[in-house]
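Some notes on the structure that comes next.
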2 protein chains.
Amino acid sequence: MREGPDIARIASLVGDPARANMLNALMGGTALTASELALEAGVSLPTASSHLSKLMDGGLLTLASQGRHRYYGLASAQVAGMIEAIIGVAEAVGPKRVRPGPRDAAMRMARVCYDHLAGEQAVAMLDRLFDRKLLLREGNEIRLTSAGASHFSALGIESQAKARRPVCRACLDWSVRRSHLAGTLGAAILDKIIAEKWARREKDSRAVVFSPNGRQVFERVFLS
Amino acid sequence: MREGPDIARIASLVGDPARANMLNALMGGTALTASELALEAGVSLPTASSHLSKLMDGGLLTLASQGRHRYYGLASAQVAGMIEAIIGVAEAVGPKRVRPGPRDAAMRMARVCYDHLAGEQAVAMLDRLFDRKLLLREGNEIRLTSAGASHFSALGIESQAKARRPVCRACLDWSVRRSHLAGTLGAAILDKIIAEKWARREKDSRAVVFSPNGRQVFERVFLS
DNA sequence: CGCATGGTTCGATCCTCATCGAAGCATTCT
DNA sequence: AGAATGCTTCGATGAGGATCGAACCATGCG
């Protein structure tokens with residue numbers, strides 16, 4: 001009987017298994033078509049289409065039409081953050097996994113969260129960036145210092161605040177229980193990591209696997 | 001058909017309006033009883049009980065039994081964080097608040113919360129009682145000062161701690177996001193307000209409507 | 001153009017689950 | 001002990017919504 005933001009509406013959108021699978025699939029950051037999502041969710045195409053329009057109505061997805069293809073993607077990093085938070089709770093209370101498989105270990109270490117890096121590597125990186133005063137924690141927000149700006153610029157990592165999207169934002173990690181870096185800077189760093197081939201994205205997974213050499217470089221640049 | 005943490009299960013728990021209201025009510029951090037939560041959610045006690053056991057099974061709540069009272073609370077800060085994240089998305093996505101009807105405005109102003117007064121009036125009253133040192137905030141608890149005791153006694157408002165029920169307790173308000181006064185003192189004050197006909201309860205609603213004269217008296221006594 | 005492919009809409013079916021009254025436990029007060 | 005209070009369980013009811021096949025649009029290709 002209370003008012004306020006309709007949290008039940010949003011949560012119930014995520015609360016259907018088919019839709020949850022779709023959203024999970026989109027957490028990789030790449031937009032997918034309705035058929036791909038139908039396959040991913042294990043439902044027929046009409047069913048998937050129905051779910052997708054509900055998610056669109058709910059504002060959780062964006063749609064990019066390209067010819068006869070329609071690519072669905074998560075609406076925002078905020079939505080991604082919410083899903084991460086739900087995953088975290090599900091992970092904490094869920095049926096204790098029998099034994100974490102190798103892919104789980106990789107996911108824990110480094111994975112894609114919408115458009116930026118998450119996992120232990122990402123958490124360690126953010127800690128280090130604070131230590132080196134390249135970033136400044138300001139309550140709930142994160143600010144890029146001038147030292148940080150020139151540092152990243154020197155690395156060839158450029159990021160600017162876009163409409164409604166800050167350069168830096170904290171995003172809670174479900175494996176570690178601490179924050180990692182989101183925002184345009186977080187996205188730019190992930191781009192750099194992939195572009196330089198320090199790591200590659202696992203196929204059909206959110207896991208990010210560093211090459212032996214790439215890990216060394218990454219650690220020297222971000223964790224030193 | 002990917003596997004992983006059962007996020008749909010968790011999200012669907014939050015996805016029911018009644019449960020969402022309960023969780024929202026618990027976001028204040030104070031544990032509440034099943035009856036209080038039933039009132040907050042606007043459902044019958046059996047229904048509330050059913051929801052609560054589902055939330056317990058899902059691991060979102062903890063239960064502290066104290067005699068015949070059973071206090072439900074959020075299981076962890078992680079759960080609270082998840083709900084905050086969902087609220088964030090809901091606010092970002094649905095700023096289209098419908099025009100609040102007259103009864104909603106009345107509810108916002110003053111309403112019954114279980115057995116005590118809630119709403120803006122109640123929040124203002126509690127603030128004032130602190131200012132006048134009639135009550136003392138002690139961390140999460142509220143204590144009646146000796147000055148307060150004689151003050152309320154002079155007004156003919158008598159309250160004593162009953163079994164397991166404190167004289168004063170903070171209760172989070174959903175319209176304003178701050179605490180109002182619960183406990184036997186809060187109940188006694190509401191009794192006084194009704195007995196003196198300063199206000200009457202709206203039929204079939206939790207709203208409490210002050211008479212013009214009653215409001216003046218109330219403000220002089222509690223808000224001066 | 002006609003055909004194939006990717007998506008959506010419609011209609012019917014089915015099933016889960018929210019809801020409440022009544023009855024049943026459990027604990028505490030008198 | 002008996003009454004009262006707080007809460008849960010049971011049983012019946014009903015509504016919302018997930019699902020899929022078939023039919024229907026839209027775009028691109030030859």
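As the structure is a computational prediction, the values presented were derived from the model and not from experiment. Letters A, B, ... mirror the listed sequences (proteins, then strands); counts begin at 1.
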Between atom OH in B:Y71 and atom P in C:dT27, what is the gap in whole Å?
16 Å

Starting at atom CG of B:L45, determine the distance to atom C1' of C:dC25, rounded to an integer number of angstrom.
14 Å

Identify whether any heavy atom of A:Y72 sits under 4.0 Å from a base atom; if not, whether one sits that close to sugar-phosphate; answer base, sugar-phosphate or nothing.
sugar-phosphate

If you look at every heavy atom in B:L45 and B:S35, which pair is closest and at what distance?
CD1-CB, 4.3 Å

Answer yes or no: is there a side-chain heavy-atom contact under 4.5 Å between A:V43 and A:N21?
no

Across the strands shown, which category fits A:S53 at heavy-atom distances under 4.0 angstrom: base, sugar-phosphate, nothing?
nothing

Whole angstrom value for the distance that separates P of C:dG7 from CE of A:M56:
14 Å

Are any protein N/O atoms closer than 3.5 Å to N/O atoms in nucleotides 11-18 of chain D? If there are, list each pair with its distance.
from, atom 1, to, atom 2, distance (Å)
D:dA18, OP2, A:R19, NH1, 3.3
D:dA18, OP2, A:K54, NZ, 2.9

Nearest listed nucleotide, side chain of B:P46, among D:dC20, D:dC7, D:dT8:
D:dT8

Roughly how many Å is it from CZ in B:R9 to C1' in C:dT16, rounded to a whole number?
15 Å

Length of the line joining B:E36:CD and D:dT5:P, which is rounded to integer Å:
16 Å

Shortest side-chain distance from B:A34, nucleotide among D:dC7, C:dT8, D:dT19
D:dC7

A:M22 CE to C:dG7 P: how many Å, rounded?
12 Å

Give the nucleotide from the list C:dG6, D:dT8, D:dG6 with an atom nearest to the side chain of A:S35.
C:dG6

Atom CG of B:L52 to atom C1' of C:dT19: distance rounded to whole Å?
15 Å

Using 30° and 60° as the class limits, which term best fits the ring planes of B:F210 and B:F218: parallel, tilted or perpendicular?
tilted

Name all pairs fulfilling the side chain to side chain donor-acceptor pair (under 3.5 Å) condition that reach into residues 207-217 of chain B, sequence neighbours left out, sorted by first residue then second.
none

Between D:dC20 atom P and A:L39 atom CG, what is the distance in whole Å?
13 Å

If the test is side chain to side chain contact (heavy atoms under 4.5 Å, CB included), which one of A:L61, A:L55, A:L52, A:L60 qualifies with A:R19?
A:L55

May I ask you to verify if any side-chain N or O of A:R70 is less than 4.0 angstrom from the OP1 or OP2 atom of D:dA26?
no

Considering only side-chain heavy atoms of B:S44, which listed nucleotide, D:dC20, D:dT9, C:dC20, is closest?
C:dC20

What residues form a side-chain contact (heavy atoms from CB on, under 4.5 Å) with B:K197, not counting sequence neighbours?
none

With distance as the sole criterion, is a donor-acceptor pair present between the side chains of B:S50 and B:T47 under 3.5 Å?
no

